[in-house]
Chemist: 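Got a structure for you, questions after.
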Number of protein chains: 2
Amino acid sequence: MSANGLNAIDRLVALLSKLPGIGKKSATRMAYYILDADPSYSRLLAEQLLSLHSVIKRCSRCGSFTETDPCPICSDHSRDASIICVIERPQDIRVIEESREFRGQFHVLGGLIAPLEGVGPDDLSIGKLLARIRAEQIREVILAMNPTVEGDTTALYLQKLLKDLDVEVTRLASGLPVGGDLEYADRLTLSRSFRGRVKV
Amino acid sequence: MSANGLNAIDRLVALLSKLPGIGKKSATRMAYYILDADPSYSRLLAEQLLSLHSVIKRCSRCGSFTETDPCPICSDHSRDASIICVIERPQDIRVIEESREFRGQFHVLGGLIAPLEGVGPDDLSIGKLLARIRAEQIREVILAMNPTVEGDTTALYLQKLLKDLDVEVTRLASGLPVGGDLEYADRLTLSRSFRGRVKV
């Protein structure tokens, strides 16, 4: 396509194609939309992208993405500090917050145990979770991993690890379809899985 | 979500949601992908977005997007300068070039006649097309609009307008599914529609 003089567009298409769920056709459509749109749109998007990594940090307590450290959830004293909801990724907080079912604290593992991909317990934020449970007088730990093979493995591992601590361990139960993805759960399904969580 | 401290992420999600075919869920997924990715990715993407409108101009001859004026296709003397393929949008050039079936020149209308949306012939690059046909000794004009109501209307309008000029007028025929979109045509279908174009 270089003979077409579309190098700058091609480079944009190549970059956009790396985004999850975006193929070459969608990326091309997006690139031409950006070209057709008012230049202020691409400038705003560029500025947002440039400031993103300097503005967004990891919360030193729960590991979520935040602009302040500790994050607003960790610093919110109206929340129940005795319950920790353990999640795989920072974006899981967003969908759980939208369900308005949970008013405790979070802990981001940063992944799931996946031996085939070379991810073991040491690669996750498990030591920090144990330290928090001991230091913060936690009475309940909710395991909120996706109901997948890796999620089940990780939940089982944590369950065994937490057995000897004086803490109730529960796991999100009914509602989440097996093999599905927490990120795409609807609000009611997620609410039900919080209400129907079972002791393990 | 402002209580979540995710303002910068929310702003990015809001901007990404404006892209065609991207809803809030997809935009959120993209934003977290960008956050998780190496900062060099968002920097490259931002730089590409910032330079886009200054690097890409409109070709003063055919109206396509280009880095040089006239564009590489208009300046390519190995192409047949006596055939003009009339298209709706600059991105249609890309898919036609990929079919490698056409070696003439292009002319971008910049839209289609759509009375309900207030787009009339005067809003399109039709005067310039007529001037090119007269000045450049064109022997054939291929109408390559999408086979939609607006595309048919525009083709019919141009067909009547060009009747009195000493030029053969053809239209892409077989192959393109009615109601479909040129942008998503596969290569073979598009090749066939070039080969099977019929005189109107």
Side-chain angles (χ1 to χ4, degrees), chain A residues 1-9 11-12 14-16 18-22 25-26 28-39 41-56 59 64-68 71-73 75-76 89-91 93-95 97-98 183-184, chain B residues 1-9 11-12 14-16 18-22 25-26 28-39 41-56 59 64-68 71-73 75-76 89-91 93-95 97-98 183-184:
Chain A
M1 293 299 289
S2 68
N4 244 4
L6 297 178
N7 282 327
I9 302 179
R11 284 194 297 272
L12 181 59
L15 284 168
L16 292 173
K18 297 192 183 194
L19 293 169
I22 304 299
K25 286 262 183 192
S26 302
T28 304
R29 192 159 224 182
M30 287 160 67
Y32 279 100
Y33 171 86
I34 294 168
L35 258 176
D36 266 339
D38 193 278
Y41 173 71
S42 54
R43 200 178 55 240
L44 275 173
L45 187 53
E47 285 165 0
Q48 207 54 45
L49 288 166
L50 284 175
S51 66
L52 196 66
H53 282 93
S54 57
V55 168
I56 303 285
C59 173
S64 72
F65 289 125
T66 175
E67 295 185 18
T68 55
C71 74
I73 291 178
S75 358
D76 184 349
R89 303 160 301 179
Q91 52 264 55
I93 294 178
R94 182 177 283 251
V95 70
E97 283 297 281
E98 277 170 5
E183 193 177 353
Y184 286 95
Chain B
M1 295 298 290
S2 69
N4 245 2
L6 296 178
N7 282 327
I9 302 178
R11 284 193 298 271
L12 181 59
L15 284 168
L16 292 173
K18 297 192 183 193
L19 293 170
I22 304 300
K25 286 261 182 190
S26 303
T28 305
R29 191 159 223 184
M30 286 159 66
Y32 279 101
Y33 171 85
I34 293 168
L35 258 176
D36 265 340
D38 193 277
Y41 173 72
S42 55
R43 200 177 56 240
L44 274 173
L45 186 54
E47 284 165 1
Q48 207 54 44
L49 288 166
L50 284 176
S51 67
L52 196 67
H53 282 91
S54 57
V55 167
I56 303 287
C59 173
S64 72
F65 289 125
T66 176
E67 293 185 18
T68 55
C71 74
I73 290 177
S75 359
D76 185 349
R89 304 160 300 181
Q91 52 265 54
I93 294 178
R94 181 177 283 252
V95 70
E97 284 296 282
E98 277 171 4
E183 193 178 352
Y184 286 95

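Chain naming here is simple, since letters A, B, ... match the order of the sequence lines and numbering starts at 1 in each.
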Chemist: With a 4.5 angstrom heavy-atom cut-off, could you sort out which part of A:Ala37 is near chain B: side chain, backbone, both or neither?
Modeler: backbone

Chemist: What residues form a side-chain contact (heavy atoms from CB on, under 4.5 Å) with A:Pro39, not counting sequence neighbours?
Modeler: B:His53

Chemist: For the atom pair CD1 (B:Ile22) and OG (A:Ser26), what is the distance rounded to the nearest 0.5 Å?
Modeler: 6.5 Å

Chemist: Could you check which of A:Ile34, A:Val55, A:Thr28 has the highest count of heavy-atom pairs closer than 4.5 Å to chain B?
Modeler: A:Ile34

Chemist: Please rank A:Arg43, A:Arg89, A:Arg29 by heavy-atom pairs under 4.5 Å with chain B and give me the top one.
Modeler: A:Arg29

Chemist: Just to verify, what does A:Leu45 make a side-chain contact (heavy atoms from CB on, under 4.5 Å) with, not counting sequence neighbours?
Modeler: A:Tyr41, A:Leu49, B:Leu12, B:Leu15, B:Leu16, B:Leu49

Chemist: Could you check whether any side-chain N or O of B:Glu67 sits under 3.5 Å from a backbone N or O of A:Ala8, counting only pairs where one atom can act as donor and the other as acceptor?
Modeler: yes

Chemist: I need the A:Phe65 CZ to B:Ile9 CD1 distance, nearest 0.5 Å.
Modeler: 6.5 Å

Chemist: So which of B:Leu35, B:Asp36, B:Leu52, B:Leu44 has the largest heavy-atom pair count under 4.5 angstrom toward chain A?
Modeler: B:Leu35

